[in-house]
Amino acid sequence: MITVPAPAGPGAFVHPALFYEDLAEYLTGVGGFVRDALSADEPVLVAVPGPHLDALRETLGENAAEVTWTDMTELGRNPGRILAALQDFADRHAGRAARIVGEPIWPGRSSAEVLEATRHEALINTAFAGRPATILCPYDVPGLAPAVIADARRTHPSLIERGRDLPSPAYTDASKVSADCDRPLPEHHGGVPRLEYTHGGLSEVREYAERWARGTALTPARRGDLVLAISEAAANSLAHGGGKGALRLWTTAGEGAREVVAEIRDGGRLANPLAGRRRPSLASAHGGRGLWMIHQLCDLVEIRAADSGFTLRLHMETP
């Protein structure tokens, strides 16, 4: 028997990890969580990988129509997009205790994706602090590396393991986990040209990126997305990164796919770790609008904030 976490009380946020060994345990834990929410007339969002979506729908039967479903392999292709979607759902049901199932890490994720998804899991605790919501995060124990499970213990205040819901002794402050995610990015083998830019050079950055992108396998639409993302990143460098930056572009064979990569480095700092992870309001003149757009456009965004400066590495998968 699996203990389903109690719903969040007024102003409370609950964020347990569910460690499951097989599909039956998954359906019992997640299915019970969803049924309890529906019985309490609470809004429910289920964002999990496609095969799990299908299994849960079948388990819930006619109750499935009352749930908002999202395929996490699409929403969470870039982990930096997930938090905004979860917050949007909670905002649409303001005044009610939202229930969310979010499975951002699954077997087959690249190591870079897992690292950014771990950062996301930590930042959930900051973004939802004080909000009446419960976010349940399932983890496939046999299918994931032990280090991933260890990090889940650090990013979740409570754990559902072997049928029991208990506090996590390893739970760590989000800022510490996020800092630990700022590991050195692997260098590309071989020389990569560098374009250095400063104030007045934004058009040069765009033209350089457009010329280079035409030689890749990206579709015209995705080339446009790449150039826009690079332009936003370079504009952030000029506004917040010391007024200058450097751009490098290359293609690479990633873990299972061929990718186009753009890297932007500058001397800035990331003052707000949640920047770009919440949909900016129309009234907002600044505060992460460019970074939010970059997250929406790219298949993966790697962020590194160090004393030496700020790095964005943008990935797009080619057809």
Side-chain angles (χ1 to χ4, degrees), residues 77-81 84 112-113 116 185-254 257-272 274-306 308-319:
R77 173 67 177 87
N78 170 22
R81 287 198 292 255
E113 290 168 355
E116 293 303 325
L185 289 164
E187 266 301 323
H188 177 63
H189 298 299
V192 178
R194 178 191 304 267
L195 173 69
E196 297 188 357
Y197 55 90
T198 186
H199 286 296
L202 194 54
S203 61
E204 180 185 4
V205 170
R206 285 195 292 263
E207 291 167 4
Y208 179 83
E210 285 172 353
R211 286 196 305 270
W212 183 87
R214 284 196 290 268
T216 71
L218 291 173
T219 64
R222 291 300 277 157
R223 289 201 301 268
D225 290 343
L226 176 66
V227 172
L228 179 55
I230 291 171
S231 179
E232 290 292 334
N236 278 348
S237 294
L238 300 180
H240 310 293
K244 61 181 180 179
L247 169 66
R248 297 196 302 164
L249 299 163
W250 68 87
T251 58
T252 184
R258 188 155 185 87
E259 294 181 320
V260 169
V261 182
E263 181 186 89
I264 299 92
R265 292 180 182 261
D266 58 46
R269 300 289 182 90
L270 188 64
N272 179 8
L274 293 174
R277 295 175 187 270
R278 181 166 179 81
R279 185 186 302 275
S281 67
L282 295 176
S284 174
H286 52 78
R289 181 181 296 276
L291 192 52
W292 182 83
M293 184 179 296
I294 291 167
H295 276 303
Q296 307 312 305
L297 292 170
C298 298
D299 293 327
L300 174 66
V301 177
E302 295 183 89
I303 296 175
R304 296 295 184 271
S308 58
F310 184 63
T311 302
L312 280 178
R313 190 172 282 186
L314 317 179
H315 299 250
M316 285 191 178
E317 190 174 316
T318 59

*Pair Tyr197-Ile264, side chain to side chain contact (heavy atoms under 4.5 Å, CB included): steps then yes or no*: CA-CA 10 Å; Tyr197 55 90; Ile264 299 92; 3.1 Å; yes

Hey, does the side chain of [X] reach the backbone of [Y] with a donor-acceptor pair shorter than 3.5 angstrom?
X: Thr318; Y: Arg258; value: yes
X: Arg81; Y: Cys298; value: yes
X: Asp266; Y: Lys244; value: no
X: Arg223; Y: Leu218; value: yes
X: Thr198; Y: Gly243; value: yes

*Before giving the answer on salt bridge (charged side-chain N to carboxylate O under 4.0 Å, His left out), spell out for Glu317 and Arg222 the whole-Å C-alpha distance, their side-chain angles and the decisive distance to 0.1 Å.*
CA-CA 9 Å; Glu317 190 174 316; Arg222 291 300 277 157; over 6 Å; no

*Start with the C-alpha distance between Trp212 and Ile230, add both sets of side-chain angles, then the distance that settles side chain to side chain contact (heavy atoms under 4.5 Å, CB included), and finish with yes or no.*
CA-CA 12 Å; Trp212 183 87; Ile230 291 171; over 6 Å; no

*Side-chain donor-acceptor pair under 3.5 Å between His295 and Asn78, yes or no?*
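There is such a pair (donor and acceptor under 3.5 Å, judged by atom type) between the side chains of His295 and Asn78.
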
Could you report the tightest heavy-atom contact between [X] and [Y], atom names first, then the distance?
X: Ala234; Y: Leu202; result: CB-CD1, 3.7 Å
X: Leu297; Y: Met316; result: O-CE, 3.4 Å
X: Ala209; Y: Leu249; result: CA-CD1, 4.2 Å
X: Ala305; Y: Leu270; result: CB-CB, 4.2 Å
X: Leu247; Y: Ala262; result: CD1-CB, 4.4 Å

_Does this structure show an ion pair linking Arg265 with Glu263, if we count only N-O contacts that are shorter than 4.0 Å?_
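The answer is yes: the pair qualifies as a salt bridge.
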
_For Arg248, is there an ion pair with Glu187 - N to carboxylate O distance below 4.0 angstrom?_
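Looking at Glu187 and Arg248, the cut-off is met.
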
*Could you go step by step and tell me if Glu116 and Arg304 meet the salt bridge (charged side-chain N to carboxylate O under 4.0 Å, His left out) rule?*
CA-CA 10 Å; Glu116 293 303 325; Arg304 296 295 184 271; 3.1 Å; yes

Does a side-chain heavy-atom distance below 4.5 Å link [X] with [Y]?
X: Leu291; Y: Leu312; result: yes
X: Tyr208; Y: Ser203; result: no
X: Leu300; Y: Glu113; result: yes
X: Ile303; Y: Thr311; result: no
X: Met293; Y: Leu228; result: yes

Quick one: pull up [atom1] in [X] and [atom2] in [Y] and give me the separation to the nearest 0.5 Å.
X: Arg77; Y: Asp299; atom1: CZ; atom2: CG; result: 4.5 Å
X: Glu302; Y: Leu314; atom1: CD; atom2: CG; result: 9.5 Å
X: Arg278; Y: Asn272; atom1: CZ; atom2: CG; result: 11.5 Å

*Evaluate the side chain to side chain contact (heavy atoms under 4.5 Å, CB included) criterion for residues His315 and Arg313: first the C-alpha distance (whole Å), next the side-chain angles of each, then the deciding distance (0.1 Å), finally the verdict.*
CA-CA 7 Å; His315 299 250; Arg313 190 172 282 186; 3.7 Å; yes

